[in-house]
Amino acid sequence: EGLGGAVAEVVHPQLVAAAEQATALGLGHLSLARATPTLSDGELQRCRLLSQLGLRLSGLLLAFDEPTLGLHPDAQPGLAHALRRLVAQGNTLLVVEHDPHFVGAADQLLALGPGAGPHGGRITHHGPLAPAPLPTAPAARPPRPGSGWLWLRGARRHNVDTNLSLRHGALNIVMGPSGAGKSTLIFQLLLPSLRGGPPAGVTLEGAGQRAVHWIDATPLGRTPRSTPATYTGLFDRVRKRFAATPEAKAAGLGASHFSHNHKQGRCPACEGLGVERIGLHLLDDVERPCPVCDGGRYRPEVLSVRVNGHTIADVLQCTAPELRPVLGDDTATDRMLASLEALGLGHLQLGRSTTTLSRGEAQRVKLATVLGAASSKASMVLLDEPDRGLHPADLARLLRGLHALADAGHTVVAISHHRHLWLAADHLIQLVDGRAEVLDAPPPPPPAWPPPAPATPPDHIHLVGVRTNNLQDLSVRIPHR
């Protein structure tokens, strides 16, 4: 009644509409009090999309970077419909995306390639969407029998209340809608239990003495000095190889002199970064090659040592395929380089700063480190959406890497929203409303999306129910052009 009733009359429909739109975007599981830093990248991006829908602005250029990240396939049509609403309001959308079903909803397609890194950077298609077959699903294979079972019992936290079974020596995939509790179950309950600190009330059976590798998409390092070569341990062997040359021994150079992080051998001007950073007022910093070492990172006496005609600075500029012939026959090094290449990382320069890697690249570097390790002892490998940011061709490489780990006796547990990983699973677990159930086969694929209707910008601006200042529930149509 009174003022409160009038306010409720206006606000209530808007709140209901916003809640319905949030549910359609796969955000219905989030509480209003949820702290923003706890949201995933995909959830945060869809929250921003929800805010943009509420503003009802037009004439904007909006860019989205893989909005389907962390989104169950069943919720993708709702996301596509929301983007369509923005287009219908007169906005232009640029969406970076790999999911073939979602790409099929586009009006225009800009494809870059044909490869990655130096093998890409060219436009391979620009124009209306060209009909293309969907990526081929992985070939059917009998599930691995495994080497025993692991049981997590009494797993209770947030909305999770369940028991979990995992097959050792096999590929275990955990699936389920957003907010079902997958991350809570695997990373807040299973992971600490494997590391010897199970939460209260949780019991673990059949784990055995296995090393645990947690492979997520967090950055590999916070410093530009970290590189794929240093993270994987590959650079330790490379430095020892240079230190063993006659030239290095004659000059008294040890392995530490060939580290760009050690003051003995690095350039004193840039401290081994190879660049000079210039701070600009009100603008981003600018980098230019170090004027002393000209980007070489090292002192002249270190750069004078060569292995097969390459200096240590040349090695840091190499990719995995390029470095193989330089180092020659080295089993351990070759195994790590092969792992990087097999996971679709053959385009990365080994001296590239890890702070510039995408989340998907960072996760695959971590996976390559495990895959290329020499240890034959069975371990547990936990992954959080390893398919994120992957082109279908790279997804096939990822599956080969996961199968290689399982074939070697490792227990692989991965959270995934991708149907190809569901089909490849030896043990498929679906989490719904906090409870885990084992599936014999993944659910049927969703029906094909209808072709997109041509988008036409509105010819009028509509103002509906305006009550700002002294305006009395005003509704008006203003010609747009």
Side-chain angles (χ1 to χ4, degrees), residues 1-95 102 105 158-160 176-181 183-184 432-434 452-453 455-481:
E1 296 181 359
L3 180 60
V7 172
E9 182 182 348
V10 175
V11 173
H12 181 266
Q14 299 177 10
L15 292 177
V16 171
E20 291 175 346
Q21 186 62 67
T23 302
L25 290 175
L27 300 172
H29 63 284
L30 298 179
S31 67
L32 297 180
R34 177 82 172 262
T36 303
T38 66
L39 301 180
S40 67
D41 290 345
E43 288 171 340
L44 186 59
Q45 191 168 195
R46 292 193 294 277
C47 282
R48 291 171 177 161
L49 170 59
L50 181 64
S51 174
Q52 193 64 51
L53 288 169
L55 294 176
R56 299 184 180 180
L57 299 176
S58 63
L60 302 178
L61 174 62
L62 304 172
F64 297 88
D65 186 11
E66 298 191 62
T68 60
L69 281 180
L71 191 63
H72 192 275
D74 290 346
Q76 288 189 12
L79 174 60
H81 177 70
L83 297 181
R84 282 274 158 207
R85 280 183 54 191
L86 289 175
V87 174
Q89 291 171 8
N91 299 298
T92 301
L93 272 60
L94 292 176
V95 182
F102 205 81
H158 303 318
N159 64 325
V160 174
S178 300
S183 296
T184 298
V432 179
D433 296 329
T456 56
D459 57 358
H460 286 77
I461 297 175
H462 297 258
L463 299 177
V464 181
V466 181
R467 298 184 181 184
T468 305
N469 296 333
N470 65 331
L471 298 180
Q472 304 295 319
D473 200 17
L474 182 71
S475 296
V476 63
R477 289 162 52 95
I478 303 174
H480 191 46
R481 53 184 175 178

Measure the spacing between [atom1] of [X] and [atom2] of [Y] and express it to the nearest 0.5 Å.
{"X": "Q21", "Y": "L53", "atom1": "CD", "atom2": "CG", "value": "5.0 Å"}
{"X": "Q89", "Y": "Q52", "atom1": "CD", "atom2": "CD", "value": "8.5 Å"}
{"X": "H72", "Y": "D74", "atom1": "NE2", "atom2": "CG", "value": "5.0 Å"}
{"X": "L44", "Y": "L69", "atom1": "CG", "atom2": "CG", "value": "11.5 Å"}
{"X": "L86", "Y": "H81", "atom1": "CG", "atom2": "NE2", "value": "10.5 Å"}
{"X": "L55", "Y": "L50", "atom1": "CG", "atom2": "CG", "value": "10.0 Å"}

### Heavy atoms from other residues, nucleotides or ligands near CZ of R56 exceed 12 (cutoff 6.0 Å)
no

### Task
May I ask you to check whether over 12 heavy atoms, not counting those of D65, lie within 6.0 Å of atom CG?
yes

### Task
With side-chain contact (heavy atoms from CB on, under 4.5 Å) as the test, would you mind laying out the steps for L71 and R46 before giving the verdict?
CA-CA 10 Å; L71 191 63; R46 292 193 294 277; 3.7 Å; yes

### Query
Given the rule in the side-chain contact (heavy atoms from CB on, under 4.5 Å) test, do C47 and L30 qualify, once you have shown the distances and angles that lead to the verdict?
CA-CA 10 Å; C47 282; L30 298 179; 4.3 Å; yes

### Query
Is there a side-chain contact (heavy atoms from CB on, under 4.5 Å) between L83 and F102 once you walk through the steps?
CA-CA 11 Å; L83 297 181; F102 205 81; 3.6 Å; yes

### Summary
On a heavy-atom basis, the closest approach of G26 and A75 is CA-CB, 4.3 Å

### Over all atoms of both residues, closest heavy-atom pair of V432 and P177
CG2-CD, 4.4 Å

### Task
Could you please spell out the steps behind the side-chain contact (heavy atoms from CB on, under 4.5 Å) verdict for S51 and R48?
CA-CA 5 Å; S51 174; R48 291 171 177 161; 5.5 Å; no

### Message
If we ignore hydrogens and angles and just use 3.5 Å, is the side chain of N91 paired with the main-chain N or O of L61 as donor and acceptor?
### Response
no

### Summary
The side-chain contact (heavy atoms from CB on, under 4.5 Å) partner of P67 among L25, L49, V95 is V95

